[in-house]
Amino acid sequence: MSAQTQQWRFGPVDVIALPHEPGLRGEPQVRDRLAHWLGDPQASPPLARDEWGRPRLLAPYQDRDAGWSHSGEQLLLALGRDVVLGVDLERWRPRPRALELAARYFTPGETRRLRALPADAREAAFLRLWCAKEALLKAHGRGLAFGLHRLEFSGMDDAADAPLRLVACDPALGEPGRWQLHEWEPQPGYRAALAWRPRSP
């Protein structure tokens with residue numbers, strides 16, 4: 001299946017992979033696909049950005065949420081109903097300063113777990129954490145400016161590739177147990193994470 005047609009459904013969220021031209025903004029590239037998903041391909045989707053720059057769908061689609069992320073030559077677009085969502089996509093590249101960055105931006109527990117991993121597994125684990133954190137912070141709406149240290153992920157067991165779950169977060173993000181996370185490899189050489197929670201309080 002080509003990148004142009006690759007599509008997934010995770011819980012209540014649909015995600016599609018699209019080609020991305022590096023250097024271009026994501027929003028102009030997703031508008032046509034978003035209009036098609038909303039059932040009105042001839043109209044421009046009613047999108048507006050809030051005070052923090054987060055895109056939000058306006059009436060009559062205010063019960064839906066959309067998000068997108070691009071890296072390298074790939075772009076992911078996500079759409080869900082009655083949820084708040086965020087998606088992040090990162091292209092794999094060596095990150096020799098992973099531990100240094102973790103110590104600066106991640107929680108002490110996350111940094112400690114990364115440090116305990118074998119060197120050949122550490123960079124991949126760092127990228128997984130980064131994707132998960134950025135996806136959830138995009139859903140929240142403040143992005144990285146809110147602070148990567150204000151939420152903590154942990155594996156469900158001690159294995160380096162164990163599924164991540166949110167174990168603690170700033171009260172502004174709500175209860176950790178309300179958040180769902182899905183991680184996957186949409187294309188070889190890329191890592192993605194999708195975070196969502198119910199829209200209702």
Side-chain angles (χ1 to χ4, degrees), residues 1-50 52-58 61 64-81 83-98 101 105 123-146 148 153 164 179-197:
M1 186 177 290
S2 69
Q4 289 89 337
T5 60
Q6 198 164 5
Q7 196 164 339
W8 305 267
R9 185 169 180 85
F10 305 123
V13 181
D14 290 300
V15 184
I16 190 168
L18 301 169
H20 170 66
E21 186 173 336
L24 296 183
R25 293 175 56 236
E27 183 173 331
Q29 298 179 73
V30 304
R31 279 187 167 272
D32 287 348
R33 177 62 65 170
L34 190 54
H36 177 79
W37 264 355
L38 294 172
D40 193 357
Q42 304 305 316
S44 179
L47 276 172
R49 291 185 178 266
D50 64 17
W52 305 110
R54 187 197 195 280
R56 298 189 185 275
L57 285 163
L58 306 179
Y61 306 112
R64 305 182 202 193
D65 198 16
W68 52 87
S69 180
H70 57 80
S71 184
E73 298 177 348
Q74 296 294 316
L75 182 150
L76 294 181
L77 169 64
L79 178 70
R81 187 191 294 265
V83 294
V84 173
L85 65 85
V87 65
D88 188 54
L89 175 69
E90 300 289 341
R91 189 175 192 174
W92 169 254
R93 57 180 173 79
R95 288 170 169 82
R97 296 174 56 230
L101 292 170
Y105 295 112
E123 291 184 22
F126 172 87
L127 185 61
R128 289 181 62 206
L129 275 171
W130 186 281
C131 277
K133 285 171 171 280
E134 189 161 358
L136 197 145
L137 291 176
K138 285 180 177 180
H140 175 239
R142 295 282 297 276
L144 297 179
F146 186 74
L148 291 166
F153 284 93
L164 294 176
W179 286 100
Q180 302 290 320
L181 181 75
H182 185 83
E183 309 172 78
W184 80 110
E185 186 180 279
Q187 293 285 324
Y190 289 85
R191 190 76 193 181
L194 171 72
W196 73 91
R197 65 164 175 79

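- Inter-residue side-chain proximity for Asp88 and Trp130 is flagged as met; some heavy-atom pair is nearer than 4.5 Å.
- Listed here is the closest heavy atom pair of Arg54 and Asp65: NH2-OD2, 2.6 Å.
- For Lys133, the side chain to side chain contact (heavy atoms under 4.5 Å, CB included) test picks out Phe106, Thr107, Glu110, Leu148, Leu151, Phe153, with sequence neighbours left out.
- With sequence neighbours left out, the side chain to side chain contact (heavy atoms under 4.5 Å, CB included) criterion links Ala66 to Leu34, Leu57, Leu79.
- Taking the salt bridge (Lys or Arg N to Asp or Glu O under 4.0 Å) definition, one finds that Glu183 meets it with Arg128, Arg191, sequence neighbours left out.
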Problem set entry | Stepwise side-chain contact (heavy atoms from CB on, under 4.5 Å) test for Tyr105 and Leu129 | CA-CA 11 Å; Tyr105 295 112; Leu129 275 171; over 6 Å; no

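- Looking only at side-chain heavy atoms (C-beta outward), His70 and Gln29 stay at 4.5 Å or farther from each other.
- In terms of heavy-atom proximity, Leu85 sits nearest to Gly80 at CD2-N, 3.4 Å.
- Using cut-offs of 30° and 60° for the angle between ring planes, the Phe10 and His182 rings count as parallel.
- Of the N and O atoms on the side chains of Gln6 and Gln187, at least one donor lies less than 3.5 Å from an acceptor on the other residue.
- Considering only heavy atoms from C-beta on, Trp68 comes within 4.5 Å of Pro55 through its side chain.
- Enclosure of atom CG in Asp40 by more than 12 non-hydrogen atoms of other residues, nucleotides or ligands within 6.0 angstrom is indicated.
- Proximity of Leu89 to Leu75: side-chain heavy atoms (C-beta onward) are nowhere separated by under 4.5 Å.
- The backbone N or O of Pro94 sits nowhere less than 3.5 Å from a side-chain atom of Glu123 that would complete a donor-acceptor pair.
- Taking each heavy atom of Ala139 and Gly86 in turn, the nearest pair found is CB-N, 3.4 Å.
- Minimum heavy-atom separation, Trp52 to Gly141: CB-O, 3.5 Å.
- For the atom pair Gln74 CD and Tyr190 OH, the distance stands at 5.0 Å (nearest 0.5 Å).
- Take Arg64 and apply the salt bridge (Lys or Arg N to Asp or Glu O under 4.0 Å) test, not counting sequence neighbours, and it matches no residue.
- Here the closest heavy-atom approach between residue Ala43 and residue Ala35 is recorded as O-CB, 3.3 Å.
- To the nearest 0.5 angstrom, Asp14 atom CG is 6.0 Å from Gln7 atom CD.
- Between Trp196 and Pro12, the shortest heavy-atom distance links the atoms NE1-CD, 3.4 Å.
- For the side chain to side chain donor-acceptor pair (under 3.5 Å) test, no residue two or more places apart in sequence or in another chain qualifies with Arg25.
- Contact of the Lys138 side chain with the Val87 side chain is not registered, since no non-hydrogen atoms from C-beta on lie closer than 4.5 Å.
- Ser71 places a side-chain N or O within 3.5 Å of a backbone atom of Arg91 that can act as its donor or acceptor partner.
- Once rounded to the nearest 0.5 Å, the distance linking CD of Glu134 with CG of Leu136 reads 11.0 Å.
- Looking at Trp37 and Leu77, their side chains come closer than 4.5 Å, going by heavy atoms from C-beta outward.
- In this structure, Glu73 and Pro22 have side chains that are in contact, with non-hydrogen atoms separated by less than 4.5 Å.
- The side chain to side chain donor-acceptor pair (under 3.5 Å) test applied to Arg31 returns Glu27, Ser44, not counting sequence neighbours.
- Residue-environment remark: CD (Glu185) exceeds the threshold of 12 foreign heavy atoms within 6.0 Å.
- Side-chain contact between Trp179 and Leu181 is absent, with no heavy-atom pair separated by less than 4.5 Å.
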